[in-house]
Amino acid sequence: MMLGESRRSSKRVILENQVKDDPIVLKIGCRFIELGVSGQDASGLRISSSKYAQKQLFKVNAGSHHAVNVNNLQENTVLTIEEQTDLVWFRYLFYPDILIYENRGKNVGGFQYALEGHLIHLFNDIFKKTKADYVNAKIYMLTDQFANDSYMKTVLYILLKKMHARSVVLVPTAVMCCIGAGVMDGLVVDFGWNHVNVVPVYDGRVLSNYASYTDRAGRMVHYRLISELRSKKIMENSTFEGIESLIEGIEEVMGNDGARKDQNDKDNDEKKNEDGNVEITHEDKNKGGDKENNETVDESSGKEEINKDENKDNGGSIASSTQNEGKDAISADAESDITKEESEKGESEKKNAVKREIEMEGTDEMENGEKSQEAENATKEVIKHVLKECLLPSENGWINLDSQEKAPVDLAVNTILDLPIDIRKRTASHVILTGGLMEISWLRTMFKESLVKVLKGKNSKLDVETIHTLGGWAGASIFASVIAPEQGVNDQIQEFRRD
C-alpha cells in the first residue's frame, strides 16, 4: 500500500494527491486566500476573506493621521463610514498601518487579540474545507515585498504554534509570478488591494532597491466607486460584496449588448405567441358554443315534427294543441338566439379584456426594461470612469501627485529607466501584469498602451512586451515541487521552524 493511501485511511484526511512530504502552498492576501498542494497547476481552494467577516470589539480612529482616505489623499484623512465598518468587521485583512487602531494590544477588545482569533478561525475552516493534513506539514507562503512585519509575525505564530505546522517558508510573490510565466527576469506589476507593487526581478532575485508601490489600488477603486454611485444617485445603499461583484463583472456587463438585444427579440416573439394563443382559444370556445346551440335547435325541430304527425292522426282537437306547441317552439328559438348573442358578446368582452391586459403588461415590461438598461449603462460608465481615474490618471497631472499616490504607469516607467543599462532591455521585454484588476482585459490593454506611449515620450527605444503568468500561487507550486528540492534556495528565501 502506498504511503498516501495509508494516510488517507487515518483520522486526518489529507488533500487529494497529497503524500507525507508534499508541502502545502498558501497565499493569504487582503481579499483572497488560496490553498493547495505543491506540484498542482491550480490551488484546491480560493475563497474571499469577506466570507469570514465578523464584527470585532476594537475601535478605529477614523480621524488619525494614520488613516488614509482613498477618496481624498491630499486633503482629508477622515475615513468614510463604509471604510470604518469594513475594518471593524474584518471584511478585508491587513490594513497597511496598524496604528489606526485605538487599542492594539492582546487583551480582550484589542486589535491583536481580535486578529489572532479571526485568523485561527479562518485557517481552521480553510484547512477543514480542503481536508489538508497541516500538522507537521511544510508550508510555502507567498509574501509581498512591502508586507507589514507585524502581520507577518502574527500569521507565522498562528501557523507554527496554533496549527502546529513543521515549518513555514516565505517566498517572494514577484519571483513566483516570474516562475509562473516561465522566466527568471522581469518587471512584475501586481495590482493588489492596498497597493500596486512594481517589483523588478533579475535572475530569480528581487531588486529591492528599485521596487516601489502606490496606494492607487483595489481599495481606492472600491471606495471611490461607492462615492461616485452615491453622488450620481445610481446606488444609494450597497454591500461590500456587491461593489466587488460590480467591479469583477464589468467586462461581462460591457459585452452583453448583443445578448440583451437577442433576449428582447425573444421576449417579443413570446408575447406575440401568447397573444395568438389567446385568440385561438376564444375562437375555439365560440365555435364550441355555436355547435351546442345548433344541436339544441335541431332537437327542438325534430320534436316539433313528431308532434305534428301525432296531431294528424288524433283529429281536430289535437290541431289546436299543435298550434300552441308551434308557438312555444318559436319562442324557444327566439330565446336561443338572444342567449347566443349574449354569449358571443360576453366572450368578445373577455377577449378584449385579455388583450388590454397583455398590452398593459408589455408596456410596463418595456418601461422597466428601458429603466433597467439605463441604470446598467450609467453604472458601467461610472465603473469605467473610476477605474481609469484611479489606475490610469491623466499624464498631465502626474507632477502634482504625492509619492503614495503615483500613477502605476509612472512607477513602471521610472523603474525600467532607473535599472542598470545591462538588464534594462531584458526587464522591459518581460513585463508581468498580475492581480485581480488585471483580469479585466481592456484595462490590461490600456495599461500596456499607456506604458509604451510614455516610454516613447521619454525617447526610449526599449521594446515593451507583456507576458502571461499562471500567477503567484502556481509559481510557488512549481518552486516548491521542482526548483527548491533540486537547486535549493537563495538567501532571499526565509524558513521559520516550529522548534
Q: Apply the test side chain to side chain contact (heavy atoms under 4.5 Å, CB included) to residues Glu465 and Lys448: give CA-CA distance (whole Å), side-chain angles for both, the deciding distance (0.1 Å), then the verdict.
A: CA-CA 8 Å; Glu465 292 293 336; Lys448 179 184 176 182; 4.1 Å; yes

Q: Under the side chain to side chain contact (heavy atoms under 4.5 Å, CB included) rule, what do Cys177 and Asp190 come out as? Steps first, then yes or no, please.
A: CA-CA 9 Å; Cys177 287; Asp190 187 1; 5.6 Å; no

Q) To the nearest 0.5 Å, how far apart are CD1 in Ile139 and CZ in Phe496? A) 13.5 Å

(Q) Would you say the ring centers of Tyr134 and Phe123 fall short of 6.0 Å from each other? (A) no

Q: Give a yes or no answer on whether the side chain of Arg216 reaches the backbone of Glu405 with a donor-acceptor pair at less than 3.5 Å.
A: yes

Q: Could you go through the side chain to side chain contact (heavy atoms under 4.5 Å, CB included) check for Tyr151 and Tyr95 one step at a time?
A: CA-CA 9 Å; Tyr151 291 135; Tyr95 186 82; 4.1 Å; yes

Q | Distance, nearest 0.5 Å, that separates CG of Leu79 from CD of Gln84 | A | 6.0 Å

Q.
Does any part of the side chain of Arg31, heavy atoms only, come nearer than 4.5 Å to the side chain of Glu244, both counted from C-beta?
A. yes

Q.
Is it the case that the side chain of Glu83 and the backbone of Thr80 share a donor-acceptor pair, with hydrogens and angles ignored and the cut-off at 3.5 Å?
A. yes

Q.
To the nearest 0.5 Å, what is the distance between CG on Asn396 and CG on Asn400?
A. 10.0 Å

Q: Inspect the surroundings of CG in Asp463 and state if more than 12 heavy atoms from other residues, nucleotides or ligands are less than 6.0 Å away.
A: no

Q: Walk me through it: do Val454 and Asp410 pass the test side chain to side chain contact (heavy atoms under 4.5 Å, CB included)?
A: CA-CA 8 Å; Val454 174; Asp410 189 20; 5.9 Å; no

**Q.** Atom pair CG/CG of Asp215 and Asn194 - distance to nearest 0.5 Å
**A.** 8.0 Å

**Q.** Atom of Ala174, atom of Val201 and distance for their closest heavy-atom approach
**A.** CB-CG2, 3.9 Å

Q.
Taking Gly36's backbone N and O only, do any of them form a donor-acceptor pair with Ser43's side chain (distance below 3.5 Å, no angle check)?
A. no

Q) Looking only at atom types and distance, does a side-chain atom of Thr214 sit under 3.5 Å from a main-chain N or O of Lys406, one as donor and one as acceptor? A) yes

Q: Enter the distance from Glu449:CD to Leu392:CG here, rounded to the nearest 0.5 Å.
A: 10.0 Å

**Q.** Gln145 side chain to Val199 backbone, donor-acceptor under 3.5 Å
**A.** no

(Q) If you compare all heavy atoms of Trp473 against all heavy atoms of Asp41, which two are closest, and at what distance to 0.1 Å? (A) CZ3-C, 4.4 Å

Q.
On a heavy-atom basis, which atom in Gln56 and which in Ala114 lie closest, and how many Å separate them?
A. OE1-CB, 3.5 Å

**Q.** Flag, side chain of Arg444 to backbone of Leu433, donor-acceptor distance under 3.5 Å
**A.** yes

Q. What closest approach, in Å, do Pro200 and Tyr210 show between heavy atoms, and which atom pair accounts for it?
A. CG-CB, 3.7 Å

(Q) If we ignore hydrogens and angles and just use 3.5 Å, is the side chain of Asn136 paired with the main-chain N or O of Ala165 as donor and acceptor? (A) no

**Q.** Phe191 and Phe447, any side-chain heavy atoms less than 4.5 Å apart
**A.** yes

Q.
Can you give me the closest heavy-atom contact between Tyr202 and Leu207, atom names plus distance?
A. CB-CD1, 4.0 Å

Q: Could you tell me whether the side chain of Val88 reaches within less than 4.5 Å of the side chain of Lys59, counting heavy atoms only?
A: no

Q. Mind checking whether Asn124 and Met163 have side chains closer than 4.5 Å, heavy atoms only?
A. yes

(Q) How close do Gly186 and Cys178 get, counting heavy atoms only, and between which atoms? (A) N-SG, 4.3 Å

**Q.** Student check: side-chain heavy atoms of Arg104 and Gln112 closer than 4.5 Å
**A.** no

Q) Looking only at side chains, do Tyr223 and Asp86 share a donor and an acceptor under 3.5 Å apart? A) yes

Q) Salt bridge check: are Lys153 and Asp149 linked by an N-O gap of less than 4.0 Å? A) no

Q. Ignoring hydrogens and geometry, is there a side-chain-to-backbone donor-acceptor pair from Asp185 to Thr427 under 3.5 Å?
A. no

Q) Does a side-chain heavy-atom distance below 4.5 Å link Leu142 with Glu34? A) no

Q: Look up atom CD1 in Ile120 and atom OG1 in Thr154, then write down how far apart they are to the nearest 0.5 Å.
A: 10.5 Å

Q.
Within the structure provided, determine whether Val183 and Thr469 are in side-chain contact (heavy-atom separation under 4.5 Å).
A. no

Q. For the residue pair Trp193 and His222, does the interplanar ring angle fall in the parallel (under 30°), tilted (30 to 60°) or perpendicular (over 60°) class?
A. perpendicular

(Q) Run the salt bridge (charged side-chain N to carboxylate O under 4.0 Å, His left out) test on Glu381 and Lys232 for me, step by step, so that the C-alpha distance in whole Å, both residues' side-chain angles and the decisive distance to 0.1 Å come before the verdict. (A) CA-CA 11 Å; Glu381 292 302 321; Lys232 296 182 183 300; over 6 Å; no

Q. Should we say atom CD of Gln54 is surrounded by more than 12 heavy atoms from elsewhere, each under 6.0 Å from it?
A. no

Q. CZ of Arg498: more than 12 outside heavy atoms within 6.0 angstrom?
A. yes

Q.
Is it the case that the side chain of Ser49 and the backbone of Phe32 share a donor-acceptor pair, with hydrogens and angles ignored and the cut-off at 3.5 Å?
A. no

Q. Between Thr173 and Thr143, is there a donor-acceptor pair closer than 3.5 Å when you use the side chain of the first and the backbone of the second?
A. yes

Q: Give a yes or no on this: more than 12 heavy atoms of other residues, nucleotides or ligands lie within 6.0 Å of atom OH of Tyr113.
A: no

(Q) Between Leu87 and Tyr101, is there a side-chain heavy-atom distance shorter than 4.5 Å? (A) yes

